[in-house]
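Shown next, in structure tokens, is the structure this report addresses.
Bear in mind the structure is a predicted one, so any value in this text is a computation, not a measurement. Counting convention: from 1, in listed order, for ligands and their atoms alike. Start at 1 with the first residue, then count along the sequence.
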Amino acid sequence: MTKDNSKIAIEELVREDAVQELERLALEIMRHDKLYHANDEPEISDAAYDALRRRNLGIEQRFPDLIREDSPSRRVGFVALDKFEKVIHAIPMLSLENAFSDEDVHDFAKRMRKFLNLPESQKLTLTAEPKIDGLSLSLRYEQGRLVSAATRGDGATGENVTENAKTISDIPIVLAGDNIPDVVEIRGEVYMCHAAFFDLNKRMEAEGKPTYVNPRNTAAGSLRQLDSAITATRPLNFFAYAWGEMSALPHNTQMGMVEWMKACGFRINPLMQGFEKIEELLKHYRKIEKDRPELEYDIDGVVYKVDDLGLQERLGLKSRVPRWAIAHKFPAEKVWTILREIEIQVGRTGALTPVARLEPVTVGGVVVTNATLHNEDYVKGVGSKGEVLRDGKDLRVGDHVMLQRAGDVIPQILDVDLSKRPEGAQPFEFPSYCPVCGSHAVRDVNEKTGKADSVKRCTGGLICPAQVIERLKHFVSRGALDIDGLGDKQAEAFYESGRIADVADIFTLRERDARSLKKLKDVEGWGSTSVAKLFDAIDVVRDTDLYRFIFGLGIRHVGEQTAKDLAKTYGDIETLNQAMLDLGNPQTYDELLSIDGIGTAVAEALKEFFSEYRNLDVWNRLLVQINPKPVEQAATDSPVAGKTIVFTGSLEQMTRDEAKAMAERLGAKVSGSVSKKTDLVVAGPGAGSKLKKAEDLGVATTDENGWFKLIGRE
Ligand code: IVH
């Protein structure tokens, strides 16, 4: 029986008692660490805990040769590391080729037989074991003691996580058994069990901290903590399955090596087995796949390896993967669940996205509660390219839906069980109004095809709370109003503090601030000088260029060039205003469309924008505050001044852009289409319908040379 040495003063301990006392303290301190960090249930006070650690240290100082490998003074380094050192792997850590079907596995075996010139009659034993979905770790032991633990990194260089690895109880600090080679590198997978993952997330949630997505990410995050005290609170596990540098190989088969690792004190996967026939191997794969949901940890396939190490050696490597191993991946996991609700989310660009709220299910190791439904068509069973989805079955609230999640991919709804559709379930009606601001929502027109896109967007860009911050930032940005001292940060802060709710409010800031009790100059980061400067800078842009103002509105498809085209065409804000408010009139709409560079997508976007009264409110308030400069009219004494010109066909002496710029410099308007209003059509070779239309309408036409002659530049 061991006697109780805990009361004996350090100075009075004899060597033999010290050995026992150090062992007791190591176990006791480890137990308290776990209670404190992992369970959040300390049994003793901090002072009592400190006393245990001090006693341990004191004994170690008296008997330095008795310091245990697992001593609390070494283990759980409560050492905070600055950053991880790099470790160059003595032998690179490889990755594996993937197989996705039985056929791939047969091919793998055939390839190896061919490479080795091994006839079918000669046996080729393969091992099969689960592919653990964690992160690989390489543990280096010298003279049986753990000297370093390194992550895989890029395979050649990893990170030194030794202190953290020491906190994992599956990792022995000293190898068990005799005849341990001088240098042993054990490789395997660090992972977290489902129960531990859920527990940890519960704790995180209770502490108001963000929760983790899946056990693999959690394991990776836990192992790469700079403070090993935190790693110690994360219950991690380790399976040994491979090796790196070895000064001697204790066995000549994969199976033998893994059994030996077990004898050294590692945990090995109990599902590992050897097979001589591929059919048997595949049966084992199917068994593991069937048992997968009951396993305590995530796996994503089965790894097959050639058992004979001599053959492994002969097969060697092919780039960064061994020829003697392959990972047979599981198909993405599929589960059934119930679609509880379809919610519409509005993104920063105003896109309305339907989101499925699901009865929570675990799939691919993650609890899934939501899935994106992309757009209106997707809910109906039509893909983005018009293809049929789910055999064309639409999605209705209450439906039983089949979910798939592969790797980190967003979960997808693959199927609907119509036999379980609740009676009276109605087709989903996609809203025509933005659920956030109530503005009308329309389907975009695709710039290239001119057809309606699948995305529906809120048209209340200037006021929609979902979009307004982005709009504000855009409005004050370089290419737009470019207000000195009012950038992204300030725009966001002004919105958050309620100083500005939309772009028009920027121009009343000075006046409102004068009346306000909480003056801007008293806000942190501001002072009288900076505020005065800001208000002056805002005043400066009241007569900004017309195109900057148009561009600043952030209307869909209206980029800087389009804004310039619009400004040039309409010339001043009054004319622009009149035209924009009259886009319901086919003639005004056609005039807009006839501007060179403006197609249906832009025209439709402008029409939508100016038919939303919520935008008009902001627009009108803006017009009270600001007065953009009219566009400087180009030369009026040129022969083409004031004329409407259309360029068509291929021009040979100038590009289309050059031609346009030249005509505009000379005071002409360049249009993209021919109408009665056209004064001249300049037609190059290959001109077709536009030239014909001009001739039909009796509009004057000329060729490129005629054009140069006309403008006096022969
Ligand atoms: S063997 C030379 N066995 O899969 C072969 N890898 O895609 C070295 N993995 O980085 C790997 N379980 O992190 C092997 N039973 C297992 C595995 C396994 C998981 C991971 C490992 C590796 C990756 C390769």
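Around atom 12 (N) of ligand 1, the closest heavy atom drawn from Val190, Ile132, Asp133 belongs to Ile132.
Close contacts between ligand 1 and Arg152 involve ligand atoms 10 (O) [criterion: under 4.0 Å to a heavy atom]. Heavy-atom proximity to Glu129, at under 4.0 Å, picks out these atoms of ligand 1: 3 (N), 15 (N), 16 (C). Close approach of ligand 1 to Pro130 is summarised as follows: ligand atoms under 4.0 Å from at least one heavy atom of the residue are 12 (N), 15 (N). Close contacts between ligand 1 and Trp324 involve ligand atoms 2 (C) [criterion: under 4.0 Å to a heavy atom]. Close approach to Pro322 involves these atoms of ligand 1, each under 4.0 Å from a residue heavy atom: 2 (C).
Annotation: atom 8 (C) of ligand 1 to nearest protein heavy atom, Leu94 O, 4.3 Å. Among all protein heavy atoms, the one lying closest to atom 10 (O) of ligand 1 is Ser136 OG, 3.6 Å. Atom 23 (C) of ligand 1 has Lys131 NZ, 4.0 Å as its closest protein atom, hydrogens excluded (heavy atom only). Scanning all protein heavy atoms for the shortest distance to atom 9 (N) of ligand 1 gives Tyr241 OH, 3.4 Å. Of the protein's non-hydrogen atoms, Glu189 OE1, 2.8 Å is the one closest to atom 13 (O) of ligand 1. Among protein heavy atoms, the minimum distance from atom 3 (N) of ligand 1 is reached at Lys305 NZ, 3.1 Å.
Side-chain atoms of Asp307 and Leu126, non-hydrogen and from C-beta on, never get closer than 4.5 Å to each other.
At least one test fails for Arg234 against the ring of Phe197: distance under 6.0 Å to the centre or angle within 45° of the axis.
Considering only residues two or more places apart in sequence or on other chains, His89 meets the ring pair (Phe, Tyr, Trp, His ring centres under 6.0 Å) condition with none of them.
Taking the six-membered ring for Trp, Tyr191 and Phe239 have ring centres closer than 6.0 Å. Aromatic pair His194/Tyr297: ring centres not closer than 6.0 Å.
A salt bridge between Arg140 and Glu142 is present, with a side-chain N of the basic residue lying under 4.0 Å from a carboxylate O of the acidic one. By the 4.0 Å N-to-carboxylate-O rule, Arg286 lies too far from Glu289 to be salt-bridged with it. Between Glu97 and Arg323 there is no salt bridge, since none of the side-chain N atoms of the basic residue sits less than 4.0 Å from a carboxylate O of the acidic one.
Using a 3.5 Å distance cut-off with no hydrogens or angles, the side chains of Glu129 and Gln273 do not pair a donor with an acceptor.
The proximity of Leu96 to ligand 1, defined as any non-hydrogen pair under 4.0 Å, involves the side chain as well as the backbone.
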